[in-house]
Amino acid sequence: MTLPRTRNASGHPDRPYDEVDLSSRGFWSATMAERDANFAALRADRPVTWHRPFEEQLLDDPEDYGFWAIVRHADLVEVTKRHEDFLSGPGILMESLPPELVEAAQSIIGMDPPRHTKMRRLVASAFTPKQMRRINDRIRANARMVVDHLAAVGADSGGEADFVAECAALLPMHNINDIMGVPDGERQKAAHEAAVGTGWNDPELVGHGREQVLGRLFQALHYMHGLITDLADHRRRNPGDDLITALVQAEIDGERLTDDEISAFFALLTIAGNDTTRQSTSHALKALTDHPDQRAWLMSDFANRIDGAVEEFVRWATPIMTFRRTAARDLELHGQHITAGDKVVMFYSSANRDERVFTDPWRFDLSRDPNPHIGFGGGGIHHCLGNQLARTQLRALFDELLHRLPDIEAGDQRLVPGNFLHAVKSMPCRFTPEH
């Protein structure tokens, strides 16, 4: 959808850019705590501000004049729920991307009604109670398997391992591939291509230069779509008990999902599901290491405290830091005139530290109650469909991890600069190997 924009003589919207820098790679290379000093200043008295376009974008967009920043919790929730005013269809990333990438990778989170309504109903209908029981059983089994693997790696290396590579990245990879029914021989490849899908800021993963990065992104999506198209065709002829079978059989009012829609949903589930769980797990272990009092509190009554702890894990990590919307019409928010076609970016990493909502928001508090974090979105039609899947994975993994390797500790994180994922590339851990 192309929406009109207002320009002045200089070619930019007739409004000044805010003095706070939210657009540079330098800003997004800082730590979350360092960035929040800027967010806090905006939350205090400038909750809706206009900023320069994100620098070094993958696509030249002469219509991209900048974006509006939404930094307060209440405003982010409002924007999320006003889906008729703030559209998802033009894309959910700060950067402008080719429409083919948006269509192939973002599925229902990059759609607006009525298309979104149809897709979400069909996808949700595949998550039957029987399917959810199977998923939960597989998550628990995979959590045991992943901790088995981490313990074995540690036993061979004096109790040391890269927690991201040997644990945090493996659990969602196995779970999502089990859920979808991806065969063993394709799992590592599918997980790697999914990492490429969100790794455009990581030159070690996607290379250097705009053309090379875009080419690699298209290559990854082409692989994932081909994989799932073949699996969908196979499951129509040979039904199984996996989610691919449920998706190809899903039907509401005589409508079914197309192969392209199933493939795009797989890309979304694989990319979002792998990365968000990996980041939440890695940040949570680091926080438990840095705050031993909270760890001791959790372990003194794990069964009754882990559910609340998971909510703080997600708030603390805020694995997805931003989502974009596009204004559908001219409107006002906090006295600012937003023009149809303007980018409106919601900063979850700011909202989850909003002093108006969270007491002492920079305290890691596993007993925090209430904890109205928006790590799974701010409600409305785009609330995360996989939120229970993520919660179940975190509960299962930390149950295995903290009981079987009770002295496990995280070292310093190596972060990947970026404005979308709060991404941990690697993080050493140390523990006493099992005997």
Side-chain angles (χ1 to χ4, degrees), residues 131-154 161-184 186-195 197-199 242-243 266 268-289 298 302 306-307 309-311 313-314 316-317 319-320 375-376 384-406 408-410 413 416 421-429 431 434:
Q131 189 68 243
M132 291 309 301
R133 285 193 296 272
R134 188 186 75 85
I135 288 170
N136 290 339
D137 290 344
R138 290 308 308 159
I139 288 173
R140 287 190 288 271
N142 284 332
R144 289 191 294 272
M145 179 179 68
V146 166
V147 176
D148 285 344
H149 172 79
L150 179 65
V153 171
D162 177 359
F163 182 76
V164 177
E166 307 298 349
C167 184
L170 298 182
L171 181 65
M173 178 195 77
H174 286 300
N175 285 334
I176 290 168
N177 284 300
D178 273 352
I179 290 166
M180 296 297 286
V182 176
D184 288 342
E186 295 284 354
R187 293 188 172 197
Q188 291 287 350
K189 173 71 169 173
H192 180 74
E193 296 304 298
T198 54
D242 50 61
L243 189 57
F266 171 72
L268 169 64
L269 183 63
T270 305
I271 291 170
N274 270 298
D275 270 301
T276 54
T277 302
R278 179 172 66 198
Q279 314 316 334
S280 296
T281 304
S282 301
H283 287 295
L285 181 62
K286 177 62 172 163
L288 291 169
T289 300
L298 171 62
F302 184 90
I306 184 58
D307 285 353
V310 163
E311 301 307 313
F313 291 168
V314 175
W316 188 257
I320 292 179
F376 297 117
C384 177
L385 191 63
N387 69 89
Q388 293 306 322
L389 173 63
R391 288 180 168 104
T392 302
Q393 291 186 86
L394 289 168
R395 284 195 297 266
L397 180 61
F398 280 98
D399 191 355
E400 292 286 330
L401 194 67
L402 297 179
H403 286 105
R404 290 178 50 188
L405 305 176
I408 188 169
E409 293 186 344
Q413 297 174 329
V416 181
L421 286 171
H422 193 195
V424 184
K425 188 173 181 68
S426 62
M427 183 179 75
C429 68
F431 53 88
E434 291 180 313

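If you take CZ on Phe431 and CG on Leu401, they are separated by 8.5 Å, rounding to the nearest 0.5 Å. Between the CD1 atom of Ile408 and the SG atom of Cys167 there is a distance of 6.5 Å, given to the nearest 0.5 Å. The CG atom of Asn177 lies 11.5 Å from the CZ atom of Arg138; values are rounded to the nearest 0.5 Å. Between atom OG of residue Ser282 and atom NZ of residue Lys425 there is a gap of 12.5 Å, rounded to the nearest 0.5 Å. In this structure, CG on Leu268 lies 9.0 Å from CG on Leu385, to the nearest 0.5 angstrom.
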Can Arg395 and Asp307 be said to form a side chain to side chain contact (heavy atoms under 4.5 Å, CB included), step by step? CA-CA 7 Å; Arg395 284 195 297 266; Asp307 285 353; 2.8 Å; yes
Using side chain to side chain contact (heavy atoms under 4.5 Å, CB included), reason through Cys429 and Leu150 one step at a time and then give a plain yes or no. CA-CA 10 Å; Cys429 68; Leu150 179 65; 4.3 Å; yes
Side chain to side chain contact (heavy atoms under 4.5 Å, CB included) evaluation trace for Val314 with Leu394: CA-CA 9 Å; Val314 175; Leu394 289 168; 3.9 Å; yes
Given the rule in the side chain to side chain contact (heavy atoms under 4.5 Å, CB included) test, do Leu389 and Ile135 qualify, once you have shown the distances and angles that lead to the verdict? CA-CA 8 Å; Leu389 173 63; Ile135 288 170; 3.9 Å; yes
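Residues Cys384 and Thr276 form no side-chain contact, since every pair of their non-hydrogen atoms from C-beta on lies 4.5 Å or further apart. Side-chain contact between Asp148 and Arg404 is present, with at least one heavy-atom pair separated by less than 4.5 Å. A 4.5 Å side-chain heavy-atom check between Ile179 and Asp242 finds every atom pair outside the cut-off. Proximity of Asn274 to Met173: side-chain heavy atoms (C-beta onward) are separated by under 4.5 Å at one or more points. In this structure, the side chains of Arg144 and Arg140 come closer than 4.5 Å at one or more pairs of heavy atoms. Two residues are said to be in side-chain contact when any heavy atoms from C-beta on lie closer than 4.5 Å; Thr281 and Phe163 meet this criterion. Residues Leu397 and Thr277 form no side-chain contact, since every pair of their non-hydrogen atoms from C-beta on lies 4.5 Å or further apart. Between Leu288 and Phe398, some side-chain heavy-atom pair lies under the 4.5 Å cut-off.
Here the closest non-hydrogen pair linking Gln413 and His283 is NE2-ND1, 3.4 Å. Of all non-hydrogen atoms in Val146 and His174, the two that sit nearest each other are CG2-CD2, 4.4 Å. Residues Arg278 and Ala169 share a closest heavy-atom pair of CD-CB, 3.5 Å. The shortest non-hydrogen separation linking Asp275 to Ala194 is OD2-O, 4.4 Å. The two atoms that bring Leu243 and Arg134 nearest to each other are N-NH2, 3.9 Å, heavy atoms only. Across Gln393 and Leu171, no two heavy atoms sit closer than the pair O-CD2, 3.7 Å.
The closest donor-acceptor contact from the side chain of His403 to the backbone of Asp399 lies under 3.5 Å.
Remark: Glu311 engages Arg391 in a salt bridge, criterion side-chain N to carboxylate O under 4.0 Å. Looking at Arg187 and Asp178, a side-chain N of the basic residue comes within less than 4.0 Å of a carboxylate O on the acidic one, giving a salt bridge.
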